[in-house]
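Sequence lines set the chain letters: A, B, ... in the order given, protein chains first and strands last, and positions in each chain run from 1.
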Number of protein chains: 2
Amino acid sequence: MVVDQLRTRPSDADTDRLFHALADATRRDIVARVTAGEYSVSGLAALYTMSFAAVQKHVAVLERASLVTKEKRGREQIVRGNHEGLQKARRLLDQLEMIWRQRAGRIADILAEDDERDLP
Amino acid sequence: MVVDQLRTRPSDADTDRLFHALADATRRDIVARVTAGEYSVSGLAALYTMSFAAVQKHVAVLERASLVTKEKRGREQIVRGNHEGLQKARRLLDQLEMIWRQRAGRIADILAEDDERDLP
DNA sequence: ATATCGTACAACCAAATGGTTGTAGATCAG
DNA sequence: CTGATCTACAACCATTTGGTTGTACGATAT
């Protein structure tokens, strides 16, 4: 049985979508660009060798992952970076870091039987 | 300049592997568990409903992404968390955060441009 | 020596991914 | 209005992914 998972807070599907969206170089490049400034979908498409439709799909993946937002302006769709998604990804990695440090702390505690170990 | 940063990496296969490895709830659970303590592959497999071979594949994906290491001990393979992979993922997200803050900075204040180069 | 355990790996399958082309609907310029 | 642009979306295709079962092999226990 699937056993209680060790700390997964946002829905697993959301997190899957988030990291999946980041697992592609083109999509990471898009995130970086639209985080630095605004682009229309066709403006983005012009940057890559692939078809417009392919870029459109990448943007859709990023939007579903909350890494970018789209806003209609005239006949264009303006794509912007969405801080929310980034923060979420970072929080998740921070949780793993915390687990790591807890383990490192346990090991240190075992090696040094005395607890001289408090936070400033 | 920022533009240089945006143009780097035609395709970073390592980063793809890293985020892809994190884009699965079972794999994230494995990472959390082996970061907290040691597990053999079969010890991990016992935690999930899927087959041993499926878990073995997940561990292999994590190993290729530098998120875990395996070490043979007797007839078992001990899986442990690998800090290196985590750190790399965090650094990549930090870069995006930096771009975000640079943009926020540009909006608030104009042209205090500062050249920053980063490691891959 | 033999059986069992833990692992590795191949072969196979369904579903998802990442790309293409093509069609159609809005919106803007002349 | 006509034509060009920007977008959305469907249909299709090749490859990858995530799972399965089955086989093989070294290490361990009886």
**Student:** Salt-bridged, R28(A) to D16(B), with N to O below 4.0 Å?
**Tutor:**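 Here R28(A) pairs with D16(B) in a salt bridge, since their nearest N and O are under 4.0 Å apart.
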**Student:** Please examine the side chains of L18(B) and L67(B), heavy atoms only from C-beta on, and report whether any two atoms are closer than 4.5 Å.
**Tutor:** yes
**Student:** For S51(B), answer base if it contacts any base atom (sugar-phosphate contacts may also be present), sugar-phosphate if it contacts only those atoms, and nothing otherwise; contact means non-hydrogen atoms under 4.0 Å.
**Tutor:** base
**Student:** Using whole Å, report how far CG of D16(B) lies from C1' of dT15(D).
**Tutor:** 15 Å
**Student:** Salt-bridged, E76(B) to K72(B), with N to O below 4.0 Å?
**Tutor:** no
**Student:** Is R75(B) close enough to dC25(D) that one of its side-chain N or O atoms is under 4.0 Å from OP1 or OP2 there?
**Tutor:**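 For R75(B), the contact criterion (side-chain N or O under 4.0 Å from OP1 or OP2 of dC25(D)) is not met.
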**Student:** What's the CG-P distance between L44(B) and dA8(C), to the nearest Å?
**Tutor:**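 Taking CG of L44(B) and P of dA8(C), I get 12 Å after rounding.
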**Student:** Counting heavy atoms from C-beta on, name the nucleotide in dG18(C), dT7(D), dT17(D) closest to the side chain of H58(A).
**Tutor:**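 Given the options dG18(C), dT7(D), dT17(D), the side chain of H58(A) is closest to dG18(C).
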**Student:** In whole angstroms, how far is the P atom of dG18(C) from the CG atom of L22(A)?
**Tutor:**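 L22(A) atom CG is separated from dG18(C) atom P by 12 Å.
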**Student:** If you check the A53(A) side chain, which of dT20(C), dG18(C), dG18(D) turns out closest?
**Tutor:**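 Selected nucleotide: dT20(C).
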**Student:** Considering only side-chain heavy atoms of Q77(B), which listed nucleotide, dA29(D), dA8(C), dA8(D), is closest?
**Tutor:**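 Within the option list, the nearest is dA8(C).
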**Student:** With a cut-off of less than 4.0 Å, is there a side-chain N or O of K72(B) near OP1 or OP2 of dG6(C)?
**Tutor:** no
**Student:** What nucleotide among dT7(C), dT7(D), dG19(D) has an atom nearest to a side-chain atom of S40(A)?
**Tutor:** dT7(D)
**Student:** How long is the span from the CZ atom in R75(A) to the OG atom in S42(A), to the nearest 0.5 Å?
**Tutor:**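 One finds 9.0 Å between CZ of R75(A) and OG of S42(A).
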**Student:** NA contact type, R73(A), heavy-atom cut-off 4.0 Å: base, sugar-phosphate, or nothing?
**Tutor:** nothing
**Student:** Between R64(A) (CZ) and dC9(D) (C1'), how many Å, whole number?
**Tutor:**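 After rounding, the gap between these two atoms is 12 Å.
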**Student:** Can you tell me if the side-chain N/O atoms of H20(B) get under 4.0 Å from OP1 or OP2 in dG18(D)?
**Tutor:**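 For dG18(D), OP1 or OP2 has a side-chain N or O of H20(B) closer than 4.0 Å.
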**Student:** D24(B) CG to dT17(D) P: how many Å, rounded?
**Tutor:** 12 Å
**Student:** Which part of the nucleic acid, if any, lies within reach of K57(A) when heavy atoms closer than 4.0 Å are counted: base, sugar-phosphate only, or nothing?
**Tutor:** base
**Student:** Let's see if you can work this out: which of dT20(D), dG19(C), dT21(C) has an atom nearest to the side-chain heavy atoms of M50(A)?
**Tutor:** dG19(C)
**Student:** Let me know, please, whether F52(A) or Q56(B) comes out on the 5' side of the other along DNA chain C by nearest nucleotide.
**Tutor:** Q56(B)
